[in-house]
Amino acid sequence: MPRARDTDACPGALHVHQAADGTLARVRLPGGIITAAQLATLANLSSQVGSGTLELTVRGNVQLRGIRDVEAVAGSLAAAGLLPSTTHERVRNIVASPLTGRVGGKADVRPWLEELDAAIRAEPRLADLGGRFWFSLDDGRGDVSGLGADVGVQVFDDGVALLLSGRDTGVRVSDVTETLLGIALRFVEIRGKAWRINELTDLNDLLPGVKVGAAFPAVTEGPVGWISQDDGRITLGAAVPLGVLSARVADFLAAIEAPLVVTPWRSVLVCDLSEDVAEVALRVLAPLGLVFDENSPWLTVSACTGSPGCAHSMADVRADAAQSLDPNFAVHRHFVGCERACGSPLAGEVLVAAGTGYRVLRS
C-alpha cells in the first residue's frame with residue numbers, strides 16, 4: 001500500500017533528520033565499500049561533532065547521530081569523497097554481495113556497481129527516486145537477493161536474471177546498468193505516492209507482461225570470522241553488536257589501511273590482508289568488542305534505534321536485546337520500540353515493546 005506522505009523524509013547527508021537525540025545524517029555507501037581514510041573521517045566527525053558512535057544500517061550505509069555542526073559534516077564528507085552528488089545523495093542505494101570478486105560467486109559484480117552508481121548520479125530524473133528505493137547486485141550466491149531490494153540482478157549459470165522486490169522475473173539481462181536504470185526511470189514516471197516497487201498495485205504498469213516467482217530466501221547473517229580469499233589473502237568478517245560501532249573502534253579498523261566493506265548485516269569486512277597482518281588485526285580487534293565467532297549469540301539479535309534516540313520508541317530496545325542473549329536461541333530476534341518496526345529483517349521474530357515487556361509482532 002502506498003504511503004500517504006508526499007515528500008521523501010528519508011535522511012541523507014544533506015537532508016538530515018531531527019531525531020530525539022539530535023540531528024542524524026545517513027551516508028550512502030554503494031555496495032558498502034569504504035576506504036580506510038573515509039572510515040577515519042566518519043570516526044573523527046562522530047567524535048568531534050557527534051555522538052561518538054557510528055550506526056551501521058541494513059542497507060550497508062552508515063549513520064551519524066547527535067550532530068552539532070551539519071555544515072562541517074557535509075564539508076568533511078565531500079572532501080573525503082563520500083558526497084559525490086548533492087542532488088542524488090539519497091538515491092545511491094545499492095547493495096552488492098560483500099565478498100564478490102574475492103571469495104566464490106559466479107561473477108565479480110564490482111564493475112557493475114561502479115557503473116550503476118555513476119549512471120544513477122548522471123541521470124537528473126533519478127533525483128526524484130526517493131531514499132527508500134534500492135538496487136541489488138547478487139553475484140550468484142543468493143545473499144543480497146534475499147534482502148528484497150526494489151530492483152536487482154542475480155547471476156545464474158545461464159545468464160543474469162532481473163529481480164523485482166527480491167523475486168525472479170524470468171527476464172534475462174544483457175546490459176545490467178541499462179536495465180536497472182530503465183526500471184527505476186519507469187518507476188519514477190508511474191509511482192504516484194508509492195516509494196517502493198512493492199507498493200505498486202500492478203507490476204505490469206512497471207514491466208508489461210511480467211510474472212514474478214517466489215522470493216529468494218532471506219539471509220539474516222553475513223560472513224563472519226577468518227575468510228580465505230580465492231587469491232590466498234584473508235578477509236576478516238567482524239560483526240558489530242547491534243550495529244553500533246564506537247568511533248574509537250572505527251579508528252582501529254581504519255588504522256589497518258585495508259579495503260573495507262560495510263555489509264547489510266551490520267558487520268564490517270576487512271579485506272585483502274596477508275596472514276600475518278590478519279593475525280595481528282584479529283588479536284587487536286577481538287578484545288574491542290567486534291565479533292569474529294560465527295556461533296556468537298550476538299548474530300541472533302538485532303534492534304531498531306529505540307529510546308532515547310527515537311521519540312516513537314517505548315523502550316531502550318538495544319539494552320533489552322543485549323540482555324536477551326541466549327546461545328541456545330536458534331531464531332533471529334529483532335527488537336523494536338514501536339509498530340513501525342524499523343530495520344526488521346525478512347526472516348525471524350520481530351518483538352515490539354509493549355508495556356513492561358515485548359510481544360511478537362511477526363514470526
Side-chain angles (χ1 to χ4, degrees), residues 11-29 32 34-83 236 238-258 260-263 265-270 281 284-292 298 301-313 315-323 325 335 337 342-343:
L14 301 177
H15 297 79
V16 295
H17 170 65
Q18 297 304 318
D21 59 348
T23 302
L24 177 150
R26 183 176 299 160
V27 183
R28 265 59 175 192
L29 304 176
I34 185 171
T35 67
Q38 289 172 334
L39 181 61
T41 294
L42 293 179
N44 181 64
L45 286 171
S46 183
S47 295
Q48 297 299 318
V49 296
S51 65
T53 60
L54 305 176
E55 287 186 342
L56 311 187
T57 78
V58 293
R59 296 186 179 185
N61 297 318
V62 175
Q63 293 185 161
L64 299 171
R65 302 190 73 92
I67 297 171
R68 298 182 294 278
D69 190 336
V70 174
E71 290 186 3
V73 168
S76 294
L77 292 178
L82 289 166
L83 190 57
L236 293 178
V240 179
L242 303 178
V244 181
L245 180 67
S246 74
R248 175 174 175 268
V249 175
D251 275 329
F252 275 93
L253 285 167
I256 302 171
E257 296 186 340
L260 301 163
V261 181
V262 177
T263 82
W265 302 281
R266 296 185 171 108
S267 61
V268 179
L269 304 184
V270 188
V284 171
L285 296 173
L288 297 176
L290 296 175
V291 176
F292 297 92
W298 278 115
V301 295
S302 56
C304 70
T305 298
S307 301
C310 178
H312 296 280
S313 180
D316 184 346
V317 295
R318 285 176 173 163
D320 292 340
Q323 293 176 359
L325 292 182
F335 290 75
C342 294

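Numbers here are sequence positions counted from 1.
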Using every non-hydrogen atom in the two residues, find where [X] and [Y] come nearest and quote the distance to one decimal.
| X | Y | value |
| --- | --- | --- |
| Leu45 | Leu77 | CD1-CD2, 4.0 Å |
| Ala281 | Leu236 | CB-CD1, 3.9 Å |
| Leu260 | Ala36 | CD1-CA, 4.0 Å |
| Ala250 | Leu39 | O-CD2, 3.6 Å |
| Val317 | Gly337 | CG1-N, 3.6 Å |
| Thr41 | Ser76 | CG2-O, 4.0 Å |

In Å, rounded to the nearest 0.5 Å, how long is the span from [atom1] of [X] to [atom2] of [Y]?
| X | Y | atom1 | atom2 | answer |
| --- | --- | --- | --- | --- |
| Gln38 | Leu82 | CD | CG | 4.0 Å |
| Leu245 | Glu55 | CG | CD | 10.5 Å |
| Arg26 | Leu14 | CZ | CG | 14.0 Å |
| Asp320 | Arg318 | CG | CZ | 12.5 Å |

message: Is it true that, when you exclude Glu71 itself, more than 12 heavy atoms of the residues, nucleotides or ligands shown sit nearer than 6.0 Å to its CD?
response: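 Atom CD in Glu71 is not crowded, with 12 or fewer foreign heavy atoms closer than 6.0 Å.
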For the side chain of [X] and the backbone of [Y], is there at least one donor-acceptor N/O pair under 3.5 Å apart?
| X | Y | value |
| --- | --- | --- |
| Ser46 | Leu42 | no |
| Arg65 | Thr23 | no |
| Arg59 | Leu29 | no |

Quick check: do [X] and [Y] have side-chain heavy atoms less than 4.5 Å from each other?
| X | Y | value |
| --- | --- | --- |
| Leu64 | Val49 | no |
| Thr57 | Val262 | no |
| Val240 | Trp298 | no |

Side-chain polar contacts of residues 302-310 - donor-acceptor pairs under 3.5 angstrom, sequence neighbours left out - could you list them?
unit_1, atom_1, unit_2, atom_2, d
Ser302, OG, His332, NE2, 2.9
Ser302, OG, His334, ND1, 2.7
Ser307, OG, Ser313, O, 3.3
Ser307, OG, Ala315, O, 3.3

- prompt: Among Leu54, Thr263, Leu56, which one satisfies side chain to side chain contact (heavy atoms under 4.5 Å, CB included) with Val268?
  reply: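 Only match with Val268 under side chain to side chain contact (heavy atoms under 4.5 Å, CB included): Leu56.
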query: Is there any side-chain hydrogen bond (donor to acceptor under 3.5 Å, both in side chains) pair reaching into residues 242-254, and which pairs are they, with sequence neighbours excluded?
result: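 Every pair satisfying side-chain hydrogen bond (donor to acceptor under 3.5 Å, both in side chains) with a residue in residues 242-254: there are none.
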